[in-house]
Amino acid sequence: MGMDTSEWLRSFEATRAAADGWNPCETETLEALGRLRLDFLGRGGRLTESLKGLKGLSLDDRRKLGPRAQSLKASLAERIQRRKSELESSLDLSLEKDRVDVTLPALPPGRGRLHPLTLMALEMTDILRRMGFSVADGPLVEDDWHNFGALNIPEHHPARDMQDTFYLKDLPFLLRTHTSPVQIRAMERARPPLRVICPGGRVFRHDQVDATHSAVFHQVECLAVDRGITFADLKGTLDVFMKSLLGPSTKTRFRPSYFQFTEPSAEVDVSCLLCGGKGCPVCKLSGWLEMLGAGVVNPAVFKAVGLDPEEWSGFAFGLGVERLAIMKYRIPDIRLFYENDLRFLRQFDENIV
Ligand code: FA5
């Protein structure tokens, strides 16, 4: 029992509409394409059934409609085949691209390093600790008394202009211009004998920034107070300190200078690391590089913190961490320390395991 022609046509046209309405781009996987193929062309598929149904039609109708059904079958089969090739090649590509080599060792986790200035400060602290100094610290925001007054730098004294100061707006505070206020805090906190260092604290000055000056930089401060301390103790301590830090052939040289909080005061040079003291462009042919300020504690400072200058004496020094690191690591510009360029920073701290 076959179906009549109009029934066959209705079913065929519905199949053709469904086949024409198929947009190959919307079939995104090979599995979905396989299901679609079965739906139309598989055994029992819609188009297969139409072709089978032809047998029940009259010879005339078969001649007329048979080629239409065959050509729909051919064009659909071709479109399915084309889509299949497309999907296969894109799958190959993505497999190639996403291929994971499971035999490769895992990436080591990135680990931080110490900043060259931290390294420098740690090294200095280490040496001074071994010489009997302990670590002290003070706030970055200071009051006038600790930064200036107690250090024998009275208000309106022209010496304050030597260190151009950042003051806090409408508040009686300032950003410390040096680490020397830590001397005052240490003496307020504990009675002598004292040996303290402030290791690599930040200080702030309204300085013009250039290759050797920054507005924020770091200092290491050192203070020793005891009975009978003399300038010779300062010289000896600094000589041992500099030799440990920069090498046993390093020489130190003291030049007279002036700081309100030390008397006598000195600026200390070390023999140039680059030329060994022969003279080069870095040391401006002098063979020496200026490193730090130092001196014997001024009796006025002891009075300011309630210590008897007849009983106690001491020495202090303060040095710029950047200047030392510039020399030790031969850095051409101070600004490199603050730019956080990894190519620069990765050169240091290679000893970390
Ligand atoms: C002082 O700051 C004194 N407090 C040092 C001192 C301490 C003297 C204890 C006596 C006793 P001075 O202003 O010279 O001194 O600075 C000390 C060092 O800081 C300098 O030798 C230099 O190495 C460094 N320094 C000064 N200004 C800058 C700057 N703008 N940028 C980078 N380093 C600087």
Side-chain angles (χ1 to χ4, degrees), residues 116-117 120-121 124 128 133 136 138 142 146-148 150-153 159-166 174-187 194-225 229 231 233-235 237-238 241-242 245-246 252-270 283 288-302 313-328 331 333-338:
L117 294 177
M120 197 75 237
M124 290 192 241
L128 288 164
F133 289 80
E142 266 295 3
H146 287 93
N147 196 78
F148 291 125
L151 288 162
N152 195 32
I153 314 174
R160 292 193 182 198
D161 298 340
M162 280 165 65
Q163 302 176 352
D164 236 337
T165 311
F166 289 111
L174 48 85
L175 299 182
R176 69 179 182 193
T177 57
H178 52 174
T179 43
S180 297
V182 178
Q183 292 184 34
I184 304 300
R185 293 192 176 273
M187 288 189 280
L194 273 181
R195 283 194 202 120
V196 292
I197 42 162
C198 172
R202 251 179 299 167
V203 304
F204 308 83
R205 289 185 198 177
H206 202 279
D207 274 351
Q208 196 65 40
V209 175
D210 62 24
T212 53
H213 290 83
S214 167
V216 183
F217 59 100
H218 299 75
Q219 289 189 338
V220 164
E221 188 86 12
C222 181
L223 169 74
V225 182
I229 283 192
F231 200 87
D233 296 306
L234 171 64
K235 282 196 81 166
T237 304
L238 273 174
F241 173 64
M242 285 302 178
L245 193 65
L246 303 174
T252 45
R253 174 174 89 169
F254 286 66
R255 278 181 295 108
S257 182
Y258 179 72
F259 298 102
Q260 289 73 22
F261 33 98
T262 47
E263 177 58 35
S265 303
E267 266 173 339
V268 181
D269 302 337
V270 298
C283 59
W288 297 94
L289 287 161
E290 183 199 318
M291 274 298 133
L292 55 96
V296 170
V297 179
N298 191 318
V301 175
F302 285 137
S313 57
F315 70 74
F317 63 85
L319 54 83
V321 180
E322 279 83 349
R323 295 277 173 83
L324 215 81
I326 280 174
M327 222 187 48
K328 179 154 183 176
I331 310 293
D333 195 310
I334 198 169
R335 284 164 284 203
L336 287 163
F337 289 122
Y338 316 113

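What you see is a predicted model; the values in this text were computed from it and never measured. Whatever order the structure lists ligands and atoms in, that order sets their numbers, starting from 1.
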Hey, is T212 one of the residues with a heavy atom under 4.0 angstrom from ligand 1?
-> yes
Can you tell me if S265 uses its side chain to pair, donor with acceptor, with the backbone of G295 under 3.5 Å?
-> no
Assess T179 for proximity to ligand 1: is some non-hydrogen atom of it under 4.0 Å away?
-> no
Can you tell which of A294, G320, S257, G318 gets a heavy atom nearest to atom 7 (C) of ligand 1?
-> G318
Is the side chain of H178 donor-acceptor paired with the backbone N or O of N147 at a distance under 3.5 Å, no angle test?
-> yes
Proximal atoms of ligand 1 relative to E290 (non-hydrogen, under 4.0 Å) | 21 (O)
Those atoms of ligand 1 less than 4.0 Å from some heavy atom in A316 | 9 (C), 11 (C)
Check each atom of ligand 1 against the heavy atoms of I334 and keep those under 4.0 Å away; list them by number with element.
-> 32 (C)
Contact check: Q183 vs ligand 1, nitrogen or oxygen atoms, below 3.5 angstrom = no
Minimal heavy-atom distance between F231 and A266, with the atoms involved, is CZ-CB, 4.1 Å
Basic-acidic side-chain contact under 4.0 Å: D164, R205 = no
Per-residue contact class, F317 against ligand 1 - non-hydrogen pairs under 4.0 Å = backbone
Just by distance, do the side chain of R195 and the backbone of L223 share a donor-acceptor pair under 3.5 Å?
-> no
Using non-hydrogen atoms of the residue, decide whether E322 is closer than 4.0 angstrom to ligand 1.
-> no
Counting both backbone and side chain atoms, is some N or O of E267 under 3.5 Å from an N or O of ligand 1?
-> no
Is there a side-chain hydrogen bond (donor to acceptor under 3.5 Å, both in side chains) between Q208 and H213 once you walk through the steps?
-> CA-CA 7 Å; Q208 196 65 40; H213 290 83; over 6 Å; no
Closest non-hydrogen atom pair, L117 against A325 = CD2-CB, 4.1 Å
Do ligand 1 and E221 have nitrogen or oxygen atoms that lie under 3.5 Å from each other?
-> no
Could you walk me through whether S214 and E322 pass the side-chain hydrogen bond (donor to acceptor under 3.5 Å, both in side chains) test, one step at a time?
-> CA-CA 9 Å; S214 167; E322 279 83 349; 5.8 Å; no
side-chain contact (heavy atoms from CB on, under 4.5 Å) test vs V270 passes for just one of L246, L245, L238, namely L246
Can you list the atoms of ligand 1 that are under 4.0 Å from a heavy atom of D207?
-> 27 (N), 29 (C), 30 (N)
Sub-4.0 Å atoms of ligand 1 with respect to non-hydrogen atoms of T262 = 10 (C), 11 (C)
Contact atoms of ligand 1, heavy-atom distance to H213 under 4.0 Å = 29 (C), 30 (N), 31 (N)
Backbone N or O of F254 within a donor-acceptor pair of the E267 side chain at under 3.5 Å?
-> no
Got an N/O contact under 3.5 Å between H178 and ligand 1?
-> yes
